[in-house]
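Atoms considered below: every heavy atom in the structure, side chains included; atoms not considered: hydrogens, waters and symmetry mates. Predicted model only: the values in this text are computed from it and were never measured.
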Amino acid sequence: MTSAAIYGCSGHRLTAEERAFYAEARPWGFILFRRNVDSPEQVKALVSELRDSVGRDDAPVLIDQEGGRVQRLGPPHWPKYPPGAAYLKATNDPAAARELVRLGARLIAHDLRDLGITVDCVPVLDVPVPGAHDIIGDRAYAQDPATVTQLGRAAAEGLLAGGVLPIIKHIPGHGRAFSDSHHDLPVVETAIEELDAWDFAPFKALSDMPMAMTAHVVFTAVDAKRPATTSKKAIRLMRERLGFSGLILSDDLSMQALSGTLPERAEQSLKAGCDVILHCNGDLKEMAEVAKATKKLKGEAKRRAEAALNRIVRTPEPLDVAEGRARLEAALTGRFDAAKGPDVGEAQG
């Protein structure tokens, strides 16, 4: 039976030990990072090996391909894509930016589908506030909830049209965090009414999306003791107040915002109401620890997982790739630099 987990792997091809572990642990899916990427042929072979290890051709394979600082596929084999903020900066018009965001996402979906990758950890729906940590920064599409909502939906639509599932992140919002959850636990003390009007708004507006990834952030107005990932109160808020009925994934369990051992983190996330837990760094010993505390994917979580995969279109929307790339490049030429800002690197986005 499939377990409620998504794991990374260590390199360009599976080791015999990894293959044996996946065959026993039977995770629902996998996630790729830069360390797993060399050439198109190599990535296709790795994706095939991952699915073969669990005996499921539909096992989801995820990647963080936002553009800008968070882009696991890049030159020389794949194009550079801009960070989320570049689209609005290039156009200064939300309607024009919306068209470009959708085009960029549709092109990314083309790249991913060609490799067998079926899920992209996009769009970022976080809305930064002045002074917040730059871990979100230019990954955000805009500085206000309405525009983030509009452009975030465009990205999701572009991915879906290309046969790739989007994941909205980081629910219920990471834009107000004043520290980087890869290293520290952010605590947000804002009143629920303000959170509802600002941070939560894009997630409520995109509550129809198939998948969401949690924020390792404490919202004291919701639960003063636990970050959203391990908080029953926060998961209930996502379901009830935000109206999200899709599959909820934890963000990476190896991030330092979470406390306790890896088995404790996994158990707490699943008990809180996450449907699936995510462990990204490819460390086999750590994955084995996580697996000890990971339950089988069943009941409502299994139903949500199946419903998510059913959103993958079999025949993507027609696309003239060369024309689309030329149009995107013409609109954005000189407007972005993928190297700016802190590099999110190998950590989960």
Looking at [X] and [Y], would you say the former's side chain and the latter's main chain have a donor-acceptor pair under 3.5 Å?
{"X": "Asn36", "Y": "Gly11", "value": "yes"}
{"X": "Arg304", "Y": "Ile248", "value": "no"}
{"X": "Arg26", "Y": "Val54", "value": "yes"}
{"X": "Arg265", "Y": "Gly260", "value": "yes"}
{"X": "Asn310", "Y": "Glu306", "value": "yes"}
{"X": "Gln42", "Y": "His12", "value": "yes"}
{"X": "Arg98", "Y": "Thr147", "value": "no"}
{"X": "Thr149", "Y": "Leu206", "value": "no"}
{"X": "Glu18", "Y": "Thr15", "value": "yes"}
{"X": "Gln65", "Y": "Leu112", "value": "no"}

Rounded to the nearest 0.5 Å, what separation is found between the [atom1] atom of [X] and the [atom2] atom of [Y]?
{"X": "Leu46", "Y": "Leu32", "atom1": "CG", "atom2": "CG", "result": "5.5 Å"}
{"X": "Trp78", "Y": "Asp114", "atom1": "CH2", "atom2": "CG", "result": "9.5 Å"}
{"X": "Phe244", "Y": "Ile235", "atom1": "CZ", "atom2": "CD1", "result": "10.5 Å"}
{"X": "Met287", "Y": "Ser254", "atom1": "CE", "atom2": "OG", "result": "11.0 Å"}
{"X": "Ile31", "Y": "Leu278", "atom1": "CD1", "atom2": "CG", "result": "5.0 Å"}
{"X": "His170", "Y": "Ser250", "atom1": "NE2", "atom2": "OG", "result": "11.5 Å"}

Verdict with supporting geometry, Thr214 and Met238, side chain to side chain contact (heavy atoms under 4.5 Å, CB included): CA-CA 9 Å; Thr214 62; Met238 297 173 201; 4.1 Å; yes
4.5 Å side-chain heavy-atom contact, [X] and [Y]:
{"X": "Asp38", "Y": "Val43", "result": "no"}
{"X": "Leu159", "Y": "Pro166", "result": "yes"}
{"X": "Pro172", "Y": "Leu242", "result": "yes"}
{"X": "Leu328", "Y": "Leu100", "result": "yes"}
{"X": "Cys121", "Y": "Ile63", "result": "no"}
{"X": "Glu194", "Y": "Arg176", "result": "yes"}
{"X": "Leu62", "Y": "Leu249", "result": "yes"}
{"X": "Phe200", "Y": "Ile192", "result": "yes"}

Atom of [X], atom of [Y] and distance for their closest heavy-atom approach:
{"X": "Val119", "Y": "Met211", "answer": "CG1-SD, 4.1 Å"}
{"X": "Leu88", "Y": "Pro94", "answer": "CD1-N, 3.8 Å"}
{"X": "Ile277", "Y": "Ala266", "answer": "CG2-O, 4.0 Å"}
{"X": "Asp320", "Y": "Glu323", "answer": "OD1-N, 3.0 Å"}
{"X": "Leu297", "Y": "Trp28", "answer": "CD2-CD1, 3.5 Å"}
{"X": "Ala177", "Y": "Pro186", "answer": "CB-CB, 3.6 Å"}

Leu165 and Arg311: CA distance, side-chain angles, deciding distance, side chain to side chain contact (heavy atoms under 4.5 Å, CB included) verdict: CA-CA 7 Å; Leu165 292 179; Arg311 295 281 298 274; 3.6 Å; yes
Before you tell me yes or no, could you show the steps for Arg102 and Glu317 under salt bridge (Lys or Arg N to Asp or Glu O under 4.0 Å), namely the whole-Å CA-CA distance, both residues' side-chain angles and the distance that decides it to 0.1 Å? CA-CA 12 Å; Arg102 190 187 189 282; Glu317 171 188 274; 2.9 Å; yes
[X] with [Y]: basic N within carboxylate O range, under 4.0 Å:
{"X": "Arg239", "Y": "Glu300", "value": "no"}
{"X": "Lys271", "Y": "Glu267", "value": "yes"}
{"X": "Asp57", "Y": "Arg51", "value": "no"}
{"X": "Arg241", "Y": "Asp196", "value": "yes"}
{"X": "Arg153", "Y": "Asp208", "value": "yes"}
{"X": "Asp111", "Y": "Arg325", "value": "yes"}
{"X": "Arg19", "Y": "Glu24", "value": "no"}
{"X": "Lys232", "Y": "Asp223", "value": "no"}
{"X": "Glu99", "Y": "Arg327", "value": "yes"}

Salt bridge (charged side-chain N to carboxylate O under 4.0 Å, His left out) partners of Arg226, counting only residues at least two apart: none
Is Lys204 atom NZ crowded by more than 12 heavy atoms from other residues, nucleotides or ligands, each under 6.0 Å away? yes
Let me check something: do Ile108 and Val321 share a hydrophobic cluster, defined by ILVMFWY side-chain heavy atoms less than 4.5 Å apart, either directly or through other members?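 As far as the 4.5 Å side-chain criterion goes, Val321 and Ile108 are connected within one cluster.
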Spell out, yes or no, whether Leu319 and Val313 are grouped together once hydrophobic residues are joined by side-chain heavy atoms under 4.5 Å, including indirect joins. no
Results of ring pair (Phe, Tyr, Trp, His ring centres under 6.0 Å) for Phe219 - residues two or more places apart only: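 Partners of Phe219 by the ring pair (Phe, Tyr, Trp, His ring centres under 6.0 Å) criterion come out as none, since no residue qualifies.
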Can Leu270 and Thr294 be said to form a side chain to side chain contact (heavy atoms under 4.5 Å, CB included), step by step? CA-CA 8 Å; Leu270 292 167; Thr294 304; 4.3 Å; yes
Taking atom types as modelled, find out whether Asn281 and Tyr7 have a side-chain donor-acceptor pair closer than 3.5 angstrom.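 On atom types as modelled, these side chains do not qualify, holding no pair under 3.5 Å.
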Mind running side chain to side chain contact (heavy atoms under 4.5 Å, CB included) on Asp138 and Arg69 for me, showing each step along the way? CA-CA 9 Å; Asp138 66 358; Arg69 290 176 279 147; 2.9 Å; yes
Using the salt bridge (Lys or Arg N to Asp or Glu O under 4.0 Å) rule, pick out the option among Asp251, Asp64, Asp252 that qualifies with Lys169.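 Looking at Asp251, Asp64, Asp252, the match for Lys169 under the salt bridge (Lys or Arg N to Asp or Glu O under 4.0 Å) is Asp64.
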Carefully, step by step, assess His77 and Ser39 under the rule side chain to side chain donor-acceptor pair (under 3.5 Å). CA-CA 7 Å; His77 298 292; Ser39 68; 5.4 Å; no
